Structures are given as C-alpha cells and as structure tokens.
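Start at 1 and go down the list; that is how both ligands and their atoms are numbered. Fair warning: this is a prediction, and the values are worked out from it, not measured in the lab.
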Amino acid sequence: MKTITLLIPAYNEEEVLYKLYDRLLTVMEKVKNYGFEVLFVNDGSNDNTLSIIKEMRNKDNRVSYIDLSRNFGKETAMIAGFDYANGDAVVIIDADLQDPPELIPEMIKYWEQGYDDVYAKRRSREGETKLKKLTASLFYKILQKTTRIPVQKNTGDFRLLDRRAIKALRKFREYERYTKGMYSWIGYNKKEILFDRDPRAAGKTKWNYFKLADLAINGITSFTTAPLRFSALLGAIISLSAFFYMIFVIFKTVIYGADVSGYPSLMTVILFLGGIQLFSLGIIGEYLGKVFSETKNRPLYFIDEYNDNKVRNE
Ligand code: UDP
Ligand code: MG
C-alpha cells in the first residue's frame, strides 16, 4: 500500500487545528487503498499548537510531528518536513484551511497518471485585499520577465509531490529559501489544477507587508541575477548619454561662451545619478548579503522533538 504524507507547517494555529483534522479525516476516509502520514511541523508556536498535535497523535497513530527548536518561518518548516516525510508522495497543505483538503483525491488521481508535481492554482483570491492582489500580480510579472525558468503564477505551496521530487528538493540546502522557485527549478512532470482559495478559517495571518516584500526580494534575487545586469545596463545608458551631453556642452561653450546659469539642471543630474548609484549598490548588496548568509553554511533548523522523542543532535 502506498502512503501519502500530508505535510502541515503550523505556527500558532490552535484555533484551526481541530477543524483541519476533521476535514482531513473526511478526506482520508474517502481515499481508500492509501496509507496516510499526517506530519505536522510545529514551527516554534507559543500557543497550544504542540499540545493539540500531541493529543491528536495519542488518538490517531497516523499523526506524527516534528517540533522545531524555535520559529524558523514557513520556508524552513517545509524543508524540515521534506527531510522527515516518509510517504511515496507528499501533499503540502496550510494549517489554516485556505487550501481545501478536498482537492487531495484529485491530486492523487493525477499522481497515479504519472505526474510528479500536481499543483493547485488559485482561480480566485477571496479574503485578500486589492493591494495584495495587485502586488502579487506585479511580482509575478517581474519574476517571469527576468528568468528563463517558467514561473507558476498564483500558485502557492499547496501541491502533491512525488517522492523523487521530494528527494530533489532535499538537496536544496540554501539558507535563504524561496521554495516556490525550487518547484520550477527541479522540473519533472507538472500538472495544474484550479481551485478557489478560501479565506482563513480562524486565527490571523502571519504575513505582513514587510514579510511579503522580503519574500518578493528573496524570490527575485534567488531566482535570477537579472537585476545586476539591469543596473549595469542602466549605468551604460546613462554614461553614454552623459558623453553626448558633454560633447554638446563643449561645443556650446566654444561657440557661445560660458554662462553661469544651469544650477537647477546640474542639481537634478547630480541627484539623479546619486540615486542610481545608491540603487545599484543596494542591488549588489542584496546579492552580497545572500553570499554572506550562504557561506556561513549553518544548519537550516534544529529539531526539539520528533514523535515524542527528544532529538539529541548527534
Ligand atoms: N507558518 C509557519 N511558520 C511561520 C509562519 C507561518 O509554519 O513562521 C505556517 C502557518 O501556520 C500556515 C502556513 O504557514 O500553516 C501559511 O501561513 P499564513 O496562513 O499565515 O500565510 P498566508 O496564507 O496568509 O500566506
Ligand atoms: Mg493562510
């Protein structure tokens, strides 16, 4: 019998866990002929998330969990889950029921047809503000323009991955993670299914615009080096125009003589160039920062407990 791991990163999700478990139970009962492993990754929650998970595990031995030593963020929680998942396929699903578990049977159907990555694409984004929708679409546009790897628009982490895709993803040990880029990077047979994303069932989103901007910058800089080239190109264009302007100024001075006016134009040019230099430095800095955190080569996470056992870090 094949087993399917349901991988659920959870950070302060006490309000939704029972509801989630109920919905998962219904789905697991419907899908016969498969074993299930419900793998929670407790990402350093400071509410009752862990004790609720333990309580579920006592009643249902399909439930297992890893408890991270602190909050590492969803991206890291997911790689921890990949490392510990035992199933022949893994379904990544958010704890807050924004990803409807009822889609899992369909994912399994396509998996059985030979697809390695069955990802759910959002038809609508209910419960999200206009601004979030706008920034999201802008982000995807920029990302797709700057890379040759196909970007999956409006898809999240909600997907079924075959074991070989999981094994591939385990090899990505980079510290600043953008998992959505990795799914595209590894390739394999992909299948898209559509769904309507529900609003969060309860609790609060852990995202804010700072985190979102962080993920967006991280997404672009870990996916492509196009911004570096862009700043070089911008520099080239500006110096070229400056060169022609210089020739023009020289001739003008020779023919008409020098005048002292021109302070405003001088000021704008200086400020403009100063701005561009800082901007380009910032871009270089982003990549340099990446190099810095990757060269430290730290472990990605530490685990406090795995299925009722303390992990000792040998
Ligand atoms: N999550 C996590 N660690 C974090 C933040 C979030 O494991 O530091 C989990 C969270 O419990 C949920 C999923 O990641 O299962 C998505 O988080 P959230 O719903 O807050 O994000 P959104 O759906 O708003 O993008
Ligand atoms: Mg959510």
Considering only NZ, NE, NH1 and NH2 on the basic side and carboxylate oxygens on the acidic side, decide whether K74 and D157 come within less than 4.0 Å.
yes
When Q152 is tested against each of R159, E192, Q144, K180 for side-chain hydrogen bond (donor to acceptor under 3.5 Å, both in side chains), which residue passes?
R159
Could you tell me whether the side chains of D117 and N189 share a donor-acceptor contact shorter than 3.5 Å?
no
Step through it carefully: locate the ring centre of F195, locate the ring centre of F158, and say whether they are under 6.0 Å apart.
yes
Assess whether a salt bridge exists between K310 and D67, defined as any Lys/Arg side-chain N lying under 4.0 Å from an Asp/Glu carboxylate O.
no
Separation between OG of S184 and NZ of K190, rounded to the nearest 0.5 Å:
6.0 Å
Cation-pi geometry met for R177 and Y175 (6.0 Å, 45°):
no
Any pair counted as ring-ring contact (aromatic ring centres under 6.0 Å, His included), so long as it reaches residues 102-121, sequence neighbours left out
none
Under 4.0 Å from ligand 1, residues with heavy atoms, in chain and number order, are P9, A10, Y11, E13, D43, N71, G73, K74, D94, A95, D96, Q98, R197, R200, T205, K206, W207
Taking only distance into account, with no hydrogens and no angle test, what donor-acceptor pairs under 3.5 Å do side-chain atoms of residues 231-246 form with protein atoms, sequence neighbours excluded?
| from | atom 1 | to | atom 2 | distance (Å) |
| --- | --- | --- | --- | --- |
| S231 | OG | L228 | O | 2.9 |
| S239 | OG | G235 | O | 2.5 |
| S241 | OG | I237 | O | 2.6 |

Within less than 2.8 Å of the Mg ion (ligand 2), how many protein N/O/S atoms are there?
2
